[in-house]
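I have placed the structure first, in the form of structure tokens, so that the comments after it can refer back to it.
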Protein chains: 2
Amino acid sequence: MARERKFSTEDLFLATRQLLLIHGYEGFTVSLLADRLEVSRGTIYKYFENKEELITEYMISEMNEYLLKLDHMKKYESFEAQFDFLLNLIFSDTEITKLINIGRQIPANISERVAKNKEKLEALHLHMYDCLQSFIDLGRKEKKIKAQIPDPLILGFILHTITIPNHANIPKKQWIESIKEIIKNGMFTNN
Amino acid sequence: MARERKFSTEDLFLATRQLLLIHGYEGFTVSLLADRLEVSRGTIYKYFENKEELITEYMISEMNEYLLKLDHMKKYESFEAQFDFLLNLIFSDTEITKLINIGRQIPANISERVAKNKEKLEALHLHMYDCLQSFIDLGRKEKKIKAQIPDPLILGFILHTITIPNHANIPKKQWIESIKEIIKNGMFTNN
DNA sequence: ATTTAAAGTGACATTATTGTTACTTTAGAA
DNA sequence: TTCTAAAGTAACAATAATGTCACTTTAAAT
């Protein structure tokens with residue numbers, strides 16, 4: 001007994017993602033979104049009271065999807081295998097870090113629903129760090145990681161390699177291999 | 001024969017910087033700026049026709065100041081000395097990269113003056129890369145940098161270490177020393 | 001003291017964004 | 001076929017940001 005929707009949740013979330021990457025959180029407007037989906041603004045407001053609800057809900061879906069992939073890491077037994085898996089995962093979606101940061105900018109005091117969504121996001125974020133902490137713990141146990149380097153830097157360093165812009169368009173494979181090499185053994189020669 | 005100004009250019013640029021870091025380019029408004037400087041919006045418009053002119057002019061001043069410091073790098077003769085200098089410079093102002101990226105987002109088609117400012121910024125940016133390229137060339141000449149790692153990655157890697165968030169508040173000295181160690185020799189042990 | 005001109009203000013018109021609502025459309029159930 | 005309810009629209013009021021301008025303030029020069 002219902003009319004057919006003009007866009008799927010997938011369409012909605014894809015458009016949201018694209019606009020967030022182009023304009024950031026503060027530049028994101030419901031008009032831009034409605035235009036992109038070729039519906040009226042009113043339609044968007046049927047589903048979300050404000051853009052913050054939409055964005056946080058989109059972010060939760062994005063994080064869930066990402067964590068599902070990240071969870072596969074524990075299937076690898078050695079630290080080196082997990083390291084390879086992690087870097088390949090990171091480079092399979094280079095925009096996710098930017099999106100996660102945008103998600104964290106959203107103020108919680110907009111509405112009940114936004115506050116709840118932000119809590120959920122925080123929990124997912126913690127879960128992500130749990131996964132990554134086990135990875136580091138394994139590296140420490142196998143004595144593969146230099147003892148003097150603090151945990152947060154290990155993680156931050158690895159995760160932030162995706163934000164290095166490849167303006168010169170170095171082929172992806174060479175780019176990733178070089179990054180792995182630097183993380184593992186540095187960029188200096190050994191003499 | 002003139003009335004005293006309520007704010008100096010320094011005040012203006014500092015407020016601009018702070019607001020850009022908090023709200024980003026799209027979230028920056030003339031009202032916010034006027035409030036922070038405790039003047040009316042009209043006053044700001046006496047000096048700049050729009051926020052883009054202000055932001056680009058602020059960015060030019062910021063870049064000039066930064067390049068002045070960067071130019072001291074060439075006084076150091078060895079690659080390793082230049083490397084140390086560069087990392088200390090980078091970590092003396094961790095927000096500059098974020099600001100430079102914000103500056104690059106501003107559309108040039110707002111007005112003549114904005115377009116000209118953006119050109120100037122582009123030139124300054126190129127000059128920065130020239131300085132950094134000489135640094136890399138020296139490293140290659142001294143055979144200190146692994147041959148297989150492409151130039152843009154060397155630069156990107158070093159510059160992006162400042163964006164790694166130090167949430168755990170590791171003491172600055174230890175943080176920087178660890179970063180230098182990873183860049184030079186990696187985070188893996190040598191066995 | 002008067003004049004001058006830069007500095008600053010506050011009010012106005014304009015435009016953009018938000019959020020709401022009465023109304024229309026449409027696919028399927030009765 | 002007609003009724004229903006979800007889906008969508010378009011118009012409205014409210015708020016916020018923009019850019020302009022006639023006017024006021026003020027410090028220094030005459």
Side-chain angles (χ1 to χ4, degrees), chain A residues 1-16 18-20 22-58 102 105-117, chain B residues 1-16 18-20 22-58 102 105-117:
Chain A
M1 47 178 144
R3 184 173 165 180
E4 201 182 1
R5 287 197 183 186
K6 292 181 79 179
F7 58 89
S8 64
T9 305
E10 203 182 339
D11 294 337
L12 175 68
F13 282 175
L14 180 61
T16 303
Q18 292 170 336
L19 289 174
L20 283 176
I22 297 172
H23 300 283
Y25 161 57
E26 309 232 26
F28 182 100
T29 70
V30 178
S31 299
L32 281 167
L33 183 66
D35 283 354
R36 187 166 281 238
L37 292 170
E38 293 179 300
V39 294
S40 72
R41 285 187 316 106
T43 304
I44 309 288
Y45 282 105
K46 274 281 154 73
Y47 300 96
F48 302 94
E49 282 190 12
N50 48 59
K51 67 172 182 177
E52 285 78 9
E53 289 186 3
L54 162 65
I55 296 173
T56 47
E57 255 143 82
Y58 155 66
I102 290 171
Q105 283 181 44
I106 296 166
N109 63 348
I110 306 277
S111 74
E112 264 304 291
R113 198 168 147 199
V114 173
K116 276 193 182 146
N117 288 344
Chain B
M1 47 178 141
R3 183 173 166 180
E4 200 182 0
R5 288 200 183 184
K6 291 181 78 179
F7 58 89
S8 65
T9 305
E10 203 181 339
D11 294 337
L12 175 67
F13 282 174
L14 180 62
T16 302
Q18 292 170 336
L19 289 174
L20 283 176
I22 297 171
H23 299 283
Y25 162 57
E26 309 233 25
F28 181 101
T29 71
V30 178
S31 299
L32 281 167
L33 183 66
D35 283 355
R36 186 165 282 237
L37 293 170
E38 294 179 300
V39 293
S40 72
R41 284 187 316 105
T43 305
I44 309 288
Y45 282 105
K46 274 279 154 74
Y47 300 97
F48 302 94
E49 282 190 11
N50 49 59
K51 68 172 181 175
E52 286 77 10
E53 288 186 3
L54 162 65
I55 296 173
T56 48
E57 256 143 82
Y58 155 66
I102 289 172
Q105 284 182 43
I106 296 166
N109 64 347
I110 305 278
S111 74
E112 265 304 291
R113 196 167 149 201
V114 173
K116 275 191 184 149
N117 287 345

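The analysis underlying the following values was restricted to heavy atoms, covering all of them including side chains, and did not include hydrogens, waters or symmetry mates. All chains are named by letter (A, B, ...) in the order of the sequence lines, taking the proteins before the strands, and each is independently numbered beginning at 1. Values in this document were obtained by computation on a predicted structure and should not be read as measured data.
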Please report, to 0.1 Å, the donor-acceptor pairs under 3.5 Å made by any side chain of residues 31-38 of chain B, with sequence neighbours excluded.
{"residue": "B/R36", "atom": "NH1", "partner": "B/Q18", "partner atom": "OE1", "Å": "2.6"}

Is the shortest heavy-atom distance from the side chain of B/L54 to the side chain of B/L12 under 4.5 Å? yes
Which letters describe nucleotides 13-25 of chain D, given B = protein heavy atom under 4.0 Å from base, S = only from sugar-phosphate, - = neither? ----SBBB----B
Roughly, in whole Å, what's the span from [atom1] in [X] to [atom2] in [N]?
{"X": "A/E4", "N": "C/dT25", "atom1": "CD", "atom2": "C1'", "value": "13 Å"}
{"X": "A/L33", "N": "D/dT9", "atom1": "CG", "atom2": "P", "value": "13 Å"}
{"X": "A/L12", "N": "D/dA7", "atom1": "CG", "atom2": "C1'", "value": "14 Å"}
{"X": "A/Y47", "N": "D/dT9", "atom1": "OH", "atom2": "C1'", "value": "13 Å"}
{"X": "A/D35", "N": "D/dT9", "atom1": "CG", "atom2": "P", "value": "12 Å"}
{"X": "A/R5", "N": "C/dT25", "atom1": "CZ", "atom2": "P", "value": "21 Å"}

Nearest-0.5 Å distance that lies between atom CD1 in A/I102 and atom CD in A/E26: 11.0 Å
For B/F28 and B/T16, what are the C-alpha separation, side-chain angles and deciding distance, and is it a side-chain contact (heavy atoms from CB on, under 4.5 Å)? CA-CA 8 Å; B/F28 181 101; B/T16 302; 3.9 Å; yes
With sequence neighbours excluded, residues passing side-chain hydrogen bond (donor to acceptor under 3.5 Å, both in side chains) with A/T56: A/N117
If you compare every side-chain N and O of A/T43 against the phosphate oxygens of D/dT9 (OP1, OP2), does one of them come in below 4.0 Å? yes
So does A/K6 get a side-chain nitrogen or oxygen closer than 4.0 Å to the phosphate oxygens (OP1/OP2) of D/dT9? yes
Please work out if B/F48 contacts a base, only the sugar-phosphate, or nothing of the nucleic acid, heavy-atom cut-off 4.0 Å. nothing
Go through the side-chain N and O atoms of A/S111 and A/E53 and say whether any donor and acceptor fall under 3.5 Å apart. yes
Measuring from the side chain of B/S40 (C-beta onward, heavy atoms only), which nucleotide among D/dG8, D/dT9, C/dT9 has the closest atom? C/dT9
